[in-house]
Amino acid sequence: MRAAFILGEIGHGLRRNLTMVVSIVLVTFVSLTFVGAAALLQMQINQMKGYWYDKVEISLFLCQQGSVSPTCASGAVTEQQREAIAAQLQSPTFAPYVASAHFESSAEAFTHFKEQFKNSPIVDTVTADQLPSSFRIQLKDPTKFDVIREGFSSTPGVDTVNDQRELLEPLFSKLNQASVFALVTAGIMIVCAVLLIATTIRLSAFSRRRETGIMRLVGASKSVIQLPFVLEGIIAATIGSVLASAALWSFTRFYVEDYLSRESQDLAFISSNDALLVAPALIVLGIVLSGASSVLTLRRYLKV
C-alpha cells in the first residue's frame with residue numbers, strides 16, 4: 001500500500017511538473033556529456049602518449065663541418081669516434097635502456113628528407129652535406145631519455161642529442177588544456193543542473209503543500225513524505241545520465257571507430273568499450289547529484 005502510494009505521488013509529480021522535469025533531463029544530459037567527453041579525451045591523450053612514445057626515437061646528431069658544439073672542436077666526426085659511439089650504445093651501461101639503434105648517414109638522411117618534404121619547395125634548397133649523420137635510437141622505456149642525454153651530451157663526435165617527444169609535448173599540452181576546458185564547462189553545467197533540480201523539487205513541494213500537510217497530520221513519517229520528491233529528481237537525472245552515456249557511446253562507435261580510425265590508421269584511438277567504462281560513473285554521478293540536491297532542498301523548504 002505504501003509503495004503504491006509513493007509511486008502514485010511520483011507519477012503525479014512528474015506529470016504536474018513535466019516542463020521542469022524535461023529541463024532537468026536536458027541540463028543533466030548536457031552537463032554529464034561534457035564530463036564524459038573530458039574523461040574520454042583524457043583517455044585518448046593517454047592512449048596517444050603510449051602509442052607515440054613507443055615510436056619516438058632519440059637522435060644523436062653527429063658533428064659535421066661548422067658545428068659549434070664543444071664536442072665538435074676537432075671538426076666533423078671521425079670513423080673512430082663513430083665506432084666508439086656505436087660501441088658505447090652496446091655497452092652494459094646503456095644496453096639495458098636501448099631497444100634498437102642504427103646509424104643513418106647524411107645521404108640516407110637526405111633521402112628521408114626528400115620523401116618527407118616532397119611537396120615543399122624547401123627540398124630544392126637543401127643538399128645532403130647540410131644534413132648531419134646520426135644514430136637513431138629507440139628506448140625500451142621512453143621516459144629514460146635523460147640516461148642517454150647525460151651519457152652522450154659530452155661524447156666527442158656527438159653534436160646534439162634530440163628527443164622527438166619534445167615535438168609531441170606541445171600537442172599533448174593543448175589537448176590537456178582542452179580536457180580542462182571541458183571539465184570546467186561540465187562543472188558549470190553541473191551547478192546549473194543542481195540548481196534546476198533544487199528549484200523543481202521546491203516548486204513540486206510548494207504545489208503539494210496541502211497534501212504534505214495532511215500527511216503530517218495523519219502521522220506519516222519524514223521518509224514517506226520526502227521520498228516521492230527525491231525519486232522524481234533522481235528519475236529525471238537518471239534519464240539525462242543514460243542519454244549522455246548513449247550519446248558518448250554513439251560518438252565513439254560510429255564516428256571514432258567507423259570513421260576516424262579508418263581515415264587515420266597510423267593513430268591509436270579510443271573505442272566504444274571505453275565509453276562503456278565511463279557510462280556507469282556518469283549514471284552514478286547523476287543519481288548522487290540529484291539525490292543530494294533533492295534532500296538538501298527538502299530539508300530547507302519542506303518542514304517535516
For Glu257, salt bridge (Lys or Arg N to Asp or Glu O under 4.0 Å) partners two or more places apart: Arg253
Does atom CZ (Phe34) have a neighbourhood of more than 12 heavy atoms from anything else shown, all under 6.0 Å? no
Is it the case that the side chain of Thr238 and the backbone of Ile234 share a donor-acceptor pair, with hydrogens and angles ignored and the cut-off at 3.5 Å? yes
With Thr252 via side-chain hydrogen bond (donor to acceptor under 3.5 Å, both in side chains) - residues at least two apart: none
Could you walk me through whether Ile287 and Ser241 pass the side chain to side chain contact (heavy atoms under 4.5 Å, CB included) test, one step at a time? CA-CA 8 Å; Ile287 292 173; Ser241 304; 5.9 Å; no
Can any side-chain N or O of Thr28 pair as donor or acceptor with the backbone N or O of Val25 at less than 3.5 Å? no
For Ala39, what residues pass the side chain to side chain contact (heavy atoms under 4.5 Å, CB included) criterion, not counting sequence neighbours? Val278
Please list, chain by chain and in numerical order, all residues satisfying ring pair (Phe, Tyr, Trp, His ring centres under 6.0 Å) with Phe181, sequence neighbours excluded. none
After noting the C-alpha distance and the side-chain angles of Leu139 and Val147, does the key distance pass the side chain to side chain contact (heavy atoms under 4.5 Å, CB included) rule? CA-CA 10 Å; Leu139 298 181; Val147 174; over 6 Å; no
Residues that, via side-chain heavy atoms closer than 4.5 angstrom, fall in one hydrophobic cluster with Phe61: none
Please check if Val284 and Leu289 belong to a single hydrophobic cluster, counting links between Ile, Leu, Val, Met, Phe, Trp and Tyr side chain heavy atoms closer than 4.5 Å. no
Point-to-point distance, once rounded to the nearest 0.5 Å, from OH of Tyr97 to CD1 of Ile137: 14.0 Å
With a sphere of 6.0 Å drawn around CZ of Phe254, does it hold more than 12 non-hydrogen atoms of other residues, nucleotides or ligands? yes
Ser106 (side chain) donor-acceptor with Leu131 (main chain) under 3.5 angstrom: yes
Kindly write out the residues that satisfy ring pair (Phe, Tyr, Trp, His ring centres under 6.0 Å) with Phe135, not counting sequence neighbours, or none if the list is empty. Phe103
Are Leu282 and Leu276 joined in one hydrophobic group, where the rule is that I, L, V, M, F, W and Y side chains link up if heavy atoms are under 4.5 Å apart? no
Take Thr111 and Glu108, measure what side chain to side chain contact (heavy atoms under 4.5 Å, CB included) needs, and give me the verdict at the end. CA-CA 5 Å; Thr111 300; Glu108 291 172 336; 5.6 Å; no
Please check if the side chain of Ser67 supplies one atom and the backbone of Gln64 the other of a donor-acceptor pair under 3.5 Å. yes
If you measure from CG on Asp274 to CE on Met43, what distance do you get to the nearest 0.5 Å? 3.5 Å
List the steps, then state whether side chain to side chain contact (heavy atoms under 4.5 Å, CB included) holds for Ile85 with Leu62. CA-CA 10 Å; Ile85 295 170; Leu62 305 183; 3.7 Å; yes
Taking atom types as modelled, is there a side-chain donor on Thr71 or Ser69 under 3.5 Å from an acceptor on the other? yes
Are Phe29 and Trp249 connected into the same hydrophobic cluster when the rule is that any two of I, L, V, M, F, W, Y join if their side-chain heavy atoms are below 4.5 Å apart? no
